[in-house]
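Working notes, beginning with the structure itself.
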There are 2 protein chains.
Amino acid sequence: MDTKTALLESAERLARQRGFDAFSYADLSKEVGIRKASIHHHFPTKADLAAELMIRYRESFMASLDDIARTEPTAGAQLTAYFARYKAAMNGGAQVCLCVSFSVSVSSFDAPVVRQINRFHAESLAWLERLFELAQRDGSIVGVVDPAEDAQACLAVVEGAQLVARASGDLADFDAAIRTTVRRVV
Amino acid sequence: MDTKTALLESAERLARQRGFDAFSYADLSKEVGIRKASIHHHFPTKADLAAELMIRYRESFMASLDDIARTEPTAGAQLTAYFARYKAAMNGGAQVCLCVSFSVSVSSFDAPVVRQINRFHAESLAWLERLFELAQRDGSIVGVVDPAEDAQACLAVVEGAQLVARASGDLADFDAAIRTTVRRVV
DNA sequence: GTCTATAATATGATAGAC
DNA sequence: GTCTATCATATTATAGAC
């Protein structure tokens with residue numbers, strides 16, 4: 001893995017574990033094994049790092065959602081995979097998704113980063129809305145009245161579930177929070 | 001208002017707007033109008049401030065929930081008031097609830113503060129579970145199968161709704177996220 | 001691309017006068 | 001209870017050698 005990628009991986013994990021304002025170039029320096037000054041060659045400012053982190057995260061996450069849509073045949077199976085994707089990314093309760101972390105720190109970012117956060121939400125909602133539309137056709141999720149509203153509720157519940165599980169450090173709290181939604185899968 | 005209370009109010013707003021690691025004693029100093037050193041008289045360390053912030057927030061929030069339970073006769077009306085309480089506290093999309101903010105920064109806190117965060121969640125869940133039990137009796141919310149599960153989902157959705165609305169700065173996103181739940185109120 | 005060295009500023013925190 | 005003065009350390013960031 002090249003240095004820049006190693007820095008991004010390290011920064012993403014730290015941001016998701018601690019929050020964006022609770023890690024520094026000094027932390028990255030220790031983890032990756034290059035000097036602080038060298039990090040500025042790859043990311044001149046921390047704002048640049050934030051932008052690249054969020055772009056990479058969004059692209060990677062959306063690619064995995066496309067993967068789910070391609071692999072799982074029913075809406076119910078896709079929803080199950082969607083939750084599993086988030087749960088696996090929580091690292092046992094030690095971190096939240098980058099978008100959750102960045103949403104709380106939104107005042108620390110400039111407009112381009114904020115746009116990326118909102119784009120993450122928008123693309124997630126579009127994917128979920130398509131999922132609930134499919135559910136109306138294939139009947140694999142019960143009680144879908146308005147796919148757009150189910151999508152918005154589903155995104156909120158999966159983000160909130162992470163917060164509760166992060167605070168307790170117990171993934172059982174993540175499962176508990178999504179249970180009423182999971183129960184709707186036939 | 002005495003100085004200590006002014007400091008708590010200021011710190012709470014800053015923590016909810018920016019995150020706990022993104023405000024300093026210097027910020028408090030400017031807002032309240034006393035020197036940095038004087039703040040340490042009231043809160044020797046920032047950890048002390050965090051603990052007092054979370055205790056005060058939890059007590060105040062739970063008192064307002066008790067208020068809702070005493071005032072609103074039906075479970076449906078109580079749920080509506082619960083959401084309204086959160087929405088009003090978002091200050092037009094400029095901040096989230098202290099518990100959401102602190103949950104992301106959980107690694108910055110010592111055990112007493114983490115306990116307070118989890119106690120906030122536990123007491124919220126107990127209150128919501130009682131609400132959904134009432135709903136089963138008074139029929140003011142449809143589709144309640146397991147009050148504990150509805151409570152867990154409800155807490156997650158209201159926390160996640162804040163994240164989405166904070167990122168966009170638009171309270172319409174908060175309303176959109178809670179809509180499927182609100183629709184269940186008869 | 002990475003290093004050493006350094007800058008300018010911010011941080012949480014303490015000592016002691018008033 | 002608030003102040004001035006100070007501390008040790010951490011922060012983001014830059015200049016210039018290799």
Side-chain angles (χ1 to χ4, degrees), chain A residues 1-54 56 98 101-102 104-114, chain B residues 1-56 98 101-102 104-114 116:
Chain A
M1 181 167 37
D2 69 357
T3 304
K4 184 164 186 175
T5 306
L7 287 167
L8 285 168
E9 303 257 302
S10 202
E12 181 182 318
R13 190 175 38 72
L14 288 168
R16 291 170 58 179
Q17 283 179 345
R18 306 185 191 171
F20 184 76
D21 297 298
F23 80 92
S24 68
Y25 275 31
D27 296 314
L28 294 177
S29 169
K30 276 176 223 150
E31 292 211 348
V32 175
I34 63 170
R35 295 294 181 164
K36 278 197 302 173
S38 307
I39 303 176
H40 286 278
H41 170 76
H42 301 282
F43 308 101
T45 70
K46 210 182 171 189
D48 295 318
L49 173 58
E52 292 209 44
L53 274 179
M54 197 62 218
R56 190 183 85 123
L98 191 68
S101 172
F102 273 31
V104 170
S105 300
V106 74
S107 70
S108 300
F109 303 122
D110 52 14
V113 177
V114 177
Chain B
M1 183 166 37
D2 68 358
T3 305
K4 184 165 186 172
T5 307
L7 287 167
L8 285 167
E9 304 258 301
S10 201
E12 181 182 317
R13 188 175 38 72
L14 288 168
R16 292 170 58 179
Q17 282 178 347
R18 306 185 192 171
F20 184 76
D21 298 297
F23 81 91
S24 67
Y25 275 33
D27 296 314
L28 294 177
S29 170
K30 276 177 222 149
E31 293 212 347
V32 175
I34 63 170
R35 294 294 181 162
K36 271 201 308 172
S38 308
I39 303 175
H40 287 277
H41 170 75
H42 300 282
F43 308 101
T45 71
K46 210 183 172 190
D48 295 318
L49 173 59
E52 292 210 43
L53 273 179
M54 197 62 218
I55 290 170
R56 190 183 85 123
L98 190 68
S101 170
F102 273 31
V104 170
S105 301
V106 75
S107 71
S108 299
F109 302 122
D110 51 15
V113 177
V114 176
Q116 288 297 324

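Quantities reported herein were computed from a predicted structural model and do not represent experimental measurements. So you know, we letter chains A, B, ... as the sequences are listed, proteins then strands, and number each from 1.
A cation-pi contact, defined as under 6.0 Å to the ring centre and within 45° of the axis, links B:Lys46 to B:Phe23.
Rounded to the nearest 0.5 angstrom, A:Asp21 CG and A:Phe109 CZ are separated by 6.5 Å. Note that CG of B:Leu8 and CZ of B:Arg56 are 5.0 Å apart. Values are rounded to the nearest 0.5 Å.
Rounding to whole angstrom units, NZ of residue A:Lys46 and C1' of C:dA10 are separated by 13 Å. Distance CG (A:Leu28) to P (D:dT11): 11 Å, rounded to an integer number of Å. In this structure, A:Lys4 atom NZ and C:dT2 atom C1' are separated by 16 Å, rounded to whole Å.
Of all heavy-atom pairs between A:Ser108 and B:Ala22, the closest is OG-CB, 4.2 Å.
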Just list the side-chain donor-acceptor pairs under 3.5 Å for residues 34-43 of chain A, sequence neighbours left out, or say none.
from: A:His40; atom 1: ND1; to: A:Pro44; atom 2: O; distance (Å): 2.8

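Between B:Thr3 and D:dG1 there is no side-chain polar atom (N or O) within less than 4.0 angstrom of OP1 or OP2.
Judged by distance alone, the side chain of B:Ser10 and the main-chain N or O of B:Glu31 form no donor-acceptor pair under 3.5 Å.
Residues from residues 33-43 of chain B placing a heavy atom under 4.0 Å of any atom in DNA chain C, listed by number, are B:Lys36, B:Ala37, B:His40. Near-neighbour residues of DNA chain C inside residues 12-25 of chain B, defined by a heavy atom below 4.0 Å, number-ordered: B:Phe23, B:Ser24, B:Tyr25.
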> So A:Glu12 and A:Arg16, side-chain contact (heavy atoms from CB on, under 4.5 Å) or not? Walk me through it.
Replying inline: CA-CA 6 Å; A:Glu12 181 182 318; A:Arg16 291 170 58 179; 2.8 Å; yes
> What's the verdict on salt bridge (Lys or Arg N to Asp or Glu O under 4.0 Å) for A:Glu9 and A:Arg13, showing C-alpha distance, side-chain angles and the deciding distance?
Replying inline: CA-CA 6 Å; A:Glu9 303 257 302; A:Arg13 190 175 38 72; over 6 Å; no
